[in-house]
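Okay, so here's the structure we're looking at.
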Amino acid sequence: MIDADDPLGVFLASEIRKGEMPGAAWWVGDAERAIASGFVGDAEIQPVPIPLSDDTPFDLASLTKPLATALLATILDREGRLSLETSLGAIFPELRASPFGAETLRDVAAHRAGLPAWIALYVAETTREGYVTAIASCERQGAGRETLYSDLGYILLGFAVEKAAGASLDRLFAERIARPLGLARCGFAGRTGLFADAAATERGSAYERALAGPSARDDRFRAEIPRGQVHDGNAWGLGGIAGHAGLFGTAADVAAIALAILDPTRIGLDPPALDPMLRPVEEGPGMRTVGFVCARDTESVRGILPDDAVGHFGFTGTSLWIDATSPRVFALLTNRVHPRVPLGPFTATRREFHRVAARL
């Protein structure tokens, strides 16, 4: 039952009744306390409704990029185990002669390496080497240092992090982030069934099947995506653990990581260690930080949060925003792609959520 005095709960319940998503969880607050938190709606509605609980994890989708991959890359860079100034060609021999060989990991982290946004790599490849080779054959997108969002870039950044650390992303995340923060319900599920009670996503792969085109074989797409199995096909092709997708967690978990980005001492780092995640890599319109987009460059929060607030969205209906000046964090998790991916945008819901949350 939603408290009538809880404006975020009232708003999100109304969005559920309108069919925008089956369920939602949220956490808004600062280092001292949660100003507002809760959950409403269902973790699954097909084949039968199953209500959310306060510890239901969500497929965080592209929140994996900042909360795992960019965060780990920044940590390793700070420790001298990886340099964000290293070129892709120096790390991946397959990319040396490609249009991306000279681009640095910092360029990749800020989505300005000219890599395509997405292709269905898993249709033909299921190994890291196969993914890198397929990316090497892609044509460059855009010109110069133009910001162009790319899943493929973060797949490569995830591989680079693993190479530098000599460990898998799921292990690194568990050891360097989840364990110090005491996150019991946040991590990469892989193919373990670890988060089998997670909020459901799409019932099958119809969305990516349509994007892949008629030449793709039907047997490369999942007929069902069980709860706790990553929605993203390229991540699933890598065993559910990838630099661009694969992380699961609760709204409180997402907020805890955000608070650690604001105060790195929470994960054993010196205070300035994660500054690259909070400041654009270069001044100018559309410039991103290592991992995040700025509020001034996205309609969902522009004019609501300060221009230099940073955040990210996930395709499954998730988002996180960090306002370092308050400081305050805003986490919203939904399962809007269940039971099927909606045709319309989610901008209006996200914008109103942040408008209400910013007034608390």
Side-chain angles (χ1 to χ4, degrees), residues 1-29 34-46 48-64 67 183 185-186 195 197-203 225 227-228 230-231 245 247-258 298-301 304-305 311-322 328-360:
M1 181 71 68
I2 289 296
D3 187 337
D5 294 327
D6 176 1
L8 288 176
V10 170
F11 166 66
L12 291 168
S14 71
E15 293 295 279
I16 290 170
R17 289 193 296 272
K18 287 163 53 179
E20 292 296 327
M21 66 276 192
W26 63 96
W27 198 101
V28 177
I35 296 168
S37 64
F39 61 94
V40 61
D42 293 320
E44 183 174 38
I45 57 174
Q46 289 185 5
V48 296
I50 299 175
L52 284 171
S53 69
D54 61 356
D55 66 346
T56 299
F58 285 72
D59 180 341
L60 300 180
S62 283
L63 291 191
T64 303
L67 299 187
L183 307 182
R185 299 289 285 163
C186 187
F195 299 120
D197 61 338
T201 59
E202 187 180 10
R203 297 200 70 201
I225 301 178
R227 294 172 66 185
V230 64
H231 177 255
L247 194 66
F248 285 75
T250 67
D253 294 333
V254 169
I257 301 172
T298 178
E299 180 61 26
S300 293
V301 295
I304 297 173
L305 299 183
H312 210 286
F313 304 111
F315 182 77
T316 52
T318 60
S319 67
L320 168 68
W321 284 90
I322 303 173
R328 188 172 289 190
V329 302
F330 305 81
L332 171 63
L333 309 183
T334 81
N335 51 348
R336 75 176 299 257
V337 298
H338 176 68
R340 63 191 64 83
V341 176
L343 297 177
F346 201 44
T347 306
T349 300
R350 283 175 165 147
R351 184 168 178 82
E352 183 62 13
F353 169 82
H354 291 103
R355 189 191 67 77
V356 174
R359 295 179 174 180
L360 296 176

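Hydrogens, waters and symmetry mates are skipped; everything else that's a heavy atom, side chains included, is used.
- Atom CG of Leu12 sits about 11.0 Å away from atom CD of Glu20, to the nearest 0.5 Å.
- In plain terms, the two heavy atoms of Arg185 and Asp253 that are nearest each other are O-OD2, 2.9 Å.
- Taken from CD in Glu299 to CD1 in Ile304, the straight-line distance is 8.0 Å, to the nearest 0.5 Å.
- Contact annotation: the side chain of Leu8 never approaches that of Phe330 to less than 4.5 Å [non-hydrogen atoms, C-beta and beyond].
- Every pair passing salt bridge (charged side-chain N to carboxylate O under 4.0 Å, His left out) that includes a residue from residues 6-17 is listed here, sequence neighbours excluded: Glu15-Lys18.
- Annotation: side chain of Trp321 is not in contact with side chain of Leu332 (no heavy-atom distance under 4.5 Å).
- Taking all atoms of both residues into account, the shortest heavy-atom contact from Ala25 to Phe58 is CB-CE1, 3.9 Å.
- Considering only heavy atoms from C-beta on, Ser319 comes within 4.5 Å of His354 through its side chain.
- At least one side-chain heavy atom of Arg355 sits less than 4.5 Å from a side-chain heavy atom of Arg359.
- Here the CG atom belonging to Leu247 is positioned 11.0 Å from the OG atom belonging to Ser62, to the nearest 0.5 angstrom.
- Between Pro339 and Gln46, the closest heavy-atom pair is CB-OE1, 3.5 Å.
- Panel note: side chain Arg350, backbone Thr318; a donor-acceptor pair is recorded below 3.5 Å.
- Ring geometry for His231 against Phe315 counts as parallel: the plane angle stays under 30°, on a 0 to 90° scale with 60° as the upper cut.
- His338 contributes a side-chain N or O that, together with a main-chain N or O of Ile45, makes up a donor-acceptor pair within less than 3.5 Å.
- Across Asp42 and Pro51, no two heavy atoms sit closer than the pair OD1-CA, 3.4 Å.
- No side-chain heavy atom of Phe39 sits less than 4.5 Å from a side-chain heavy atom of Leu333.
- Within the 4.5 Å cutoff, the side chain of Pro57 has heavy atoms near those of the Asp197 side chain.
- Between Val254 and Trp27, every side-chain heavy-atom pair lies at or beyond the 4.5 Å cut-off.
- For the atom pair CD1 (Ile257) and CG (Leu60), the distance works out to 7.5 Å, reported to the nearest 0.5 Å.
- Of the possible polar contacts, one joining the Asn335 side chain to the Ala43 backbone as a donor-acceptor pair under 3.5 Å is found.
- In terms of heavy atoms, Gly317 sits closest to Phe346 at O-CE2, 4.0 Å.
- Side chain of Thr316 to backbone of Asp59: a donor-acceptor contact under 3.5 angstrom is found.
- A pairwise comparison of heavy atoms in Leu52 and Ala199 identifies CD2-CB, 4.4 Å as the closest pair.
- Among residues at least two apart or in separate chains, side-chain hydrogen bond (donor to acceptor under 3.5 Å, both in side chains) pairs with a member in residues 49-58 are Ser53-Asp55, Ser53-Thr56.
- Looking only at distances, no side-chain donor or acceptor of Thr201 sits under 3.5 Å from a matching main-chain atom of Val337.
- Between Arg227 and Ile50 the shortest side-chain heavy-atom distance falls below 4.5 Å.
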